[in-house]
Engineer: 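What follows is a single structure, and I will ask about it in a moment.
Letters go in sequence order (proteins before strands), and every chain restarts at 1.
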2 protein chains.
Amino acid sequence: MRASDRAYAALRDEIIEWKLPPGTVLAEVEQSERLGVSRTPLREALARLGADGLTAAHAGRGVVVTDISLDHLAELFELREALEGKAAALAAERGESAVFAALRAEFEDASRLLTDTDPGRHAYYDLVSRLDAAVDDAAANAYLVQALKNLRVHLVRVRRLSLDDPARLLAAATEHATIAAAIAERNPALAVAATTVHLHQSLRHLQATQREEKAL
Amino acid sequence: MRASDRAYAALRDEIIEWKLPPGTVLAEVEQSERLGVSRTPLREALARLGADGLTAAHAGRGVVVTDISLDHLAELFELREALEGKAAALAAERGESAVFAALRAEFEDASRLLTDTDPGRHAYYDLVSRLDAAVDDAAANAYLVQALKNLRVHLVRVRRLSLDDPARLLAAATEHATIAAAIAERNPALAVAATTVHLHQSLRHLQATQREEKAL
DNA sequence: GGCAAGGGCTTTGTATACAGAAACCTCCAC
DNA sequence: GTGGAGGTTTCTGTATACAAAGCCCTTGCC
């Protein structure tokens, strides 16, 4: 693996996991020494982070980790609604019914996963990403998938803001089942609606959690 | 201006204007000598082009200019529909009515511009970008605007595929006027519908033109 | 005491030299 | 004649040295 890839992956993970919180300045020499690579590949890594929107080049002062606040959260979910709604609609038009019917069944069984502890939650997250991947695959649109990929980096970042509570995950599982069912039924309008509902609920929950944490 | 910025802008323009057609290999030394910059800033430029999706790093053989065919056109417009539809809806919710009412009037007067020759067409294109900018501004969503910006690079590239014929531009002006009117009326659903119609017609026209050129 | 200008210092931006890897061509064997 | 293996060549990937630009601190003047 290339040194620039390693540096990019390391910095990206650290930003996503809030080990490098917003506002952190990433000086080139400092980071290159820390990560054990030269400045050249590190610069390439920083450029990619900037393209992802995770950092911004504050001219002269080095690149800084971008902020992500409550306001950004709403904006992020507006974009997410546009992209995931379209992806769900396209998947409903083009996808294999059997694939999504199977995923629907898994989500309806998810209550079993979520009564357990950590490994169960991990299995649930895995199920969610399998649905995402299935939608991406069925949508069959490279540009849309790329845009979603860019978006998801930021979504993972905000997810780490608050621990998911089991009650919300259970509700989300039902919403995901509805989305999968709509796609399996080849009903694009329903798929869009189900996606909109799910994202609305997710955003509400996140914002409520955020306000709680702020109050502490 | 930085050398890497110059290299990026130069290569990007050349790709967009089809001076570097799809499949062209961009060797680092060759391009750095041609553009009069060192390999380091050139590599940064190539990385940015890759992030834009204009080039793909064919491992070992250097980066090549990505292909853009009729199939890609449909995919591109699917993404465009999702993003511009959402942007129009948000603009209808949040925008200043007066701004879009004025733009509507300009589009309704556009027949005057389009009866003239080249300078008139240039003025029309300028009007279109002013509408885009107004929508971006009114949507007030940095993530959405960024996604649109990424998309537009590819759109400019396909526009160069075929010369716009005056009849289509005239029809497009009417469609744009309808979009602006919907936003001015603060009617998000109508704005989405008008955008969908416009994009559908544009795609149909482009595909028809493409088939003609293929037949020649 | 406050403001501005200048110098030092840290920072990024660029160039070049070197190392490693992959592709292609050639030559040999079958 | 064809296939494979080895060598050569050219490419990308990385490191480091140098240049330039911006910021901060200090100092002098008002």
Engineer: So does Glu78(B) pair up with Lys86(A), basic N to acidic O under 4.0 Å?
Structural biologist: no
Engineer: For nucleotides 11-17 of chain D, just jot down a letter per nucleotide in 5' to 3' order: B, S or -, based on protein non-hydrogen atoms under 4.0 Å.
Structural biologist: -BBBBBB
Engineer: State whether Arg168(A) and Glu175(A) are salt-bridged, where the test is any N-O pair (Lys NZ or Arg NE/NH1/NH2 against Asp/Glu carboxylate O) under 4.0 Å.
Structural biologist: yes
Engineer: For Arg39(B), is there an ion pair with Glu33(B) - N to carboxylate O distance below 4.0 angstrom?
Structural biologist: no
Engineer: Which whole-number value in Å describes the distance from Arg48(B) CZ to dG13(C) P?
Structural biologist: 11 Å
Engineer: What is the distance from NE2 of His58(B) to C1' of dA21(C), rounded to the nearest Å?
Structural biologist: 17 Å
Engineer: Salt bridge or not for Arg130(A) and Glu106(A), using N-O below 4.0 Å?
Structural biologist: yes
Engineer: Any side-chain heavy-atom pair from Arg186(A) and Ser97(A) closer than 4.5 angstrom?
Structural biologist: yes
